[in-house]
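All chains are named by letter (A, B, ...) in the order of the sequence lines, taking the proteins before the strands, and each is independently numbered beginning at 1.
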2 protein chains.
Amino acid sequence: MTRVSFKAQMLRAREDAIVAAVNRLLAERGFDAMTVDAVAAEVGIAKASLYKHFESKEALAGAAMIGAVDRALVEIERLAHDPEHGTDFERLKALTRWAMREQLAGEMPSLPSQTSALRAALSANKAFVERLMQLSDLLGAWIGAAQRARQLDAKLPSEVVLYTLYARACDPAVALLKSGGNYDDEQIVELLLQACFGGIAARGA
Amino acid sequence: MTRVSFKAQMLRAREDAIVAAVNRLLAERGFDAMTVDAVAAEVGIAKASLYKHFESKEALAGAAMIGAVDRALVEIERLAHDPEHGTDFERLKALTRWAMREQLAGEMPSLPSQTSALRAALSANKAFVERLMQLSDLLGAWIGAAQRARQLDAKLPSEVVLYTLYARACDPAVALLKSGGNYDDEQIVELLLQACFGGIAARGA
DNA sequence: GTCTATATCAAGATAGAC
DNA sequence: GTCTATCTTGATATAGAC
C-alpha cells in the first residue's frame, strides 16, 4: 500500500537532481546571476521541462533554500546524539564548522543579501519560513543553555549570537582567505571559527 | 594659473552626483539589481548622458567602489591624528565602528560577493586595485602593531584579521539585527563590535 | 553634454507537437 | 513530461538631433 510507483520515484529523483543543481549554482553565483538556462543545462533537460516541475525561478531557489535549511536540521539532529560533542556550546561550534565546510565545498547557497529579489519571495514561502523558524528555535535553545553554562558570553543578546552565526555561514572572509591561497580548507575553517568564537582581540591578562 | 574653469567645476560636480547616486544604489540593491535607468533617474539626467561620463555600468560601479575605499582612507588619516584613539588597536576598532555606521546609513556599497559580475571588472580596474592595496597595507601595519602590543590575538595570522574586518564592513548580521527591530543603530554597532573583537564565547575564568 | 528614440540582447516564461 | 521554437520583457548601450 505504501509502495511508491516507479514513475513517482523517477519524478522524485528528477526533482532532486534539479534542486541539487540549483543549490550548486546558487552557491557559486547567487540568485541574480543564476540563469534558468544554466540550471537546465546542468540537469541536462530542456528549460520548458523545468517549468513543469517548478513554476518560476523563485520557486526553484526556494526549494534549494529549503533543502539547505533541512540539511542544517539534519546536522543538528546528528549533533544532538553525537557523544563527541557533550555540551550545547560544543554543538554550536560544531554546527558552525559544518556550515563553513559546506560553504567551502560550494554547497551552501549564500543568504539573499538584504536586497535580493529572492528575499521577498522567500518571505512569502511558507514552507521555508516554517523551517527557518524551526531552525532558529533549536539554535536559540542551544544558545540560551550555553549562556547559562557561561560558555557563551551571557552579555550578548541571544538574537545577536544567532544572527552572528547565520552570518558566518555565508561569511565572505571564507572566500577571501581561500583566494589568498595561504591556507587549506581545514585551516581556514579553524582560523575563522577561532576568530568568531574567541574574537580577534587578545584574551587573558 | 591653477584656476579651474567654471565648466570643469560643473563637470566635476555632476560626476560627483552620479557617483553618489551609484554608491547609494549599490549599497541598497547591490550591483546586479542596480539598473542604469535607476541611476539616471536618481541623478535626474538622461541615461545617454550617463554614458558620456562613464563608459559602462562596471565603470560606474568602479568609481563608486573607489570612492568608498577613499572614504576609508580619509577616515584612517583622521583616526591617525585623533588623540581620542591612542593605540592602533583602538584605531582599528574605531574604523570598524565607522564602517558599520556607514553600512547602517546606506552608504557602504556591499563588497561584490565572490561571484558577482563586478568582481572581474574590479580586478581589472587599476585605480581600484591600487587604492585597495594601499588600504590593506595601512591596516596591515596597524594589525601587526596591535598584535605586538598584545591587544589583538597574536595567534591569528594578520591576513585572517584583515579579511575578518573587511567582512564586518558588509556583515549581513547588521541588516538582520536592524530588521529584527529590537535595537537602534548605535546598539547594533556596539553589540556587533563586541561580538567581533571579543568573540561570542565567554571570557574570563 | 544633453536629450529622445531605438538598437540589441539576454533571460524568464510559454505554445504546441509528440 | 519532454522537447524545439517562440514570445515578451527589461536592461545595457548607442544613434543622431540640438
Side-chain angles (χ1 to χ4, degrees), chain A residues 4-22 25-26 28-65 112 115-122 124-125, chain B residues 4-22 25-26 28-65 112 115-122 124-125:
Chain A
V4 182
S5 76
F6 179 72
K7 236 167 110 176
Q9 280 186 48
M10 287 292 90
L11 182 76
R12 175 60 188 278
R14 168 65 40 103
E15 299 201 336
D16 284 349
I18 293 172
V19 171
V22 172
L25 287 168
L26 229 40
E28 187 179 313
R29 312 191 193 173
F31 180 73
D32 289 332
M34 178 189 81
T35 67
V36 177
D37 288 275
V39 176
E42 174 126 346
V43 179
I45 63 175
K47 181 162 59 168
S49 302
L50 274 188
Y51 281 97
K52 298 285 182 182
H53 293 275
F54 298 90
E55 70 173 354
S56 68
K57 184 184 176 183
E58 281 74 19
L60 278 171
M65 293 302 295
T115 159
S116 171
L118 183 54
R119 220 186 74 89
L122 282 178
N125 187 323
Chain B
V4 182
S5 77
F6 179 72
K7 236 167 112 177
Q9 281 185 47
M10 288 290 90
L11 182 76
R12 174 60 188 277
R14 168 64 42 101
E15 298 201 338
D16 284 350
I18 294 172
V19 171
V22 172
L25 287 167
L26 228 39
E28 187 180 311
R29 311 190 193 172
F31 181 73
D32 289 332
M34 177 187 83
T35 68
V36 178
D37 288 275
V39 177
E42 174 126 345
V43 180
I45 63 175
K47 181 163 56 169
S49 303
L50 274 188
Y51 281 96
K52 299 285 182 181
H53 293 275
F54 298 90
E55 70 173 353
S56 68
K57 182 183 176 184
E58 281 73 19
L60 278 171
M65 294 301 296
T115 159
S116 171
L118 183 54
R119 219 186 75 87
L122 283 177
N125 187 324

Would you mind reading off the distance between [X] atom [atom1] and [N] atom [atom2], rounded to a whole angstrom?
{"X": "B:H53", "N": "D:dA13", "atom1": "NE2", "atom2": "P", "result": "16 Å"}
{"X": "B:F54", "N": "D:dT14", "atom1": "CZ", "atom2": "C1'", "result": "18 Å"}
{"X": "B:R29", "N": "D:dA11", "atom1": "CZ", "atom2": "C1'", "result": "13 Å"}
{"X": "A:L50", "N": "D:dT4", "atom1": "CG", "atom2": "P", "result": "13 Å"}

Measure the spacing between [atom1] of [X] and [atom2] of [Y] and express it to the nearest 0.5 Å.
{"X": "A:H53", "Y": "A:I45", "atom1": "NE2", "atom2": "CD1", "result": "5.5 Å"}
{"X": "A:M34", "Y": "A:E42", "atom1": "CE", "atom2": "CD", "result": "10.5 Å"}
{"X": "B:R119", "Y": "B:F31", "atom1": "CZ", "atom2": "CZ", "result": "13.5 Å"}
{"X": "A:L118", "Y": "A:K57", "atom1": "CG", "atom2": "NZ", "result": "9.0 Å"}

*State whether the number of non-hydrogen atoms from other residues, nucleotides or ligands found under 6.0 Å of A:E15 atom CD is greater than 12.*
yes

_Qualifying side chain to side chain donor-acceptor pair (under 3.5 Å) pairs, either residue in residues 32-41 of chain B, two or more places apart_ = B:D37-B:K47

_Annotated protein contacts, base or backbone, on nucleotides 3-10 of chain C with a non-hydrogen cut-off under 4.0 Å, one of B, S, - each_ = BB------

*Reckon A:M10 touches a base, only the sugar-phosphate, or nothing at all at heavy-atom distances under 4.0 Å?*
nothing

*Which residues, if any, of residues 55-63 of chain A bring a heavy atom under 4.0 Å of DNA chain C?*
A:S56, A:K57

*Nucleotide of D:dA11, C:dG1, C:dT14 approaching B:D37 most closely (side-chain heavy atoms)*: D:dA11

*What closest approach, in Å, do A:A40 and A:A46 show between heavy atoms, and which atom pair accounts for it?*
CB-C, 4.1 Å

*Identify the two heavy atoms, one from B:A64 and one from B:V19, that lie closest to each other, and give their separation to 0.1 Å.*
CA-CG1, 3.9 Å

*Look at B:Y51 and D:dT14 and indicate whether a side-chain polar atom (N or O) is within less than 4.0 Å of OP1 or OP2.*
no

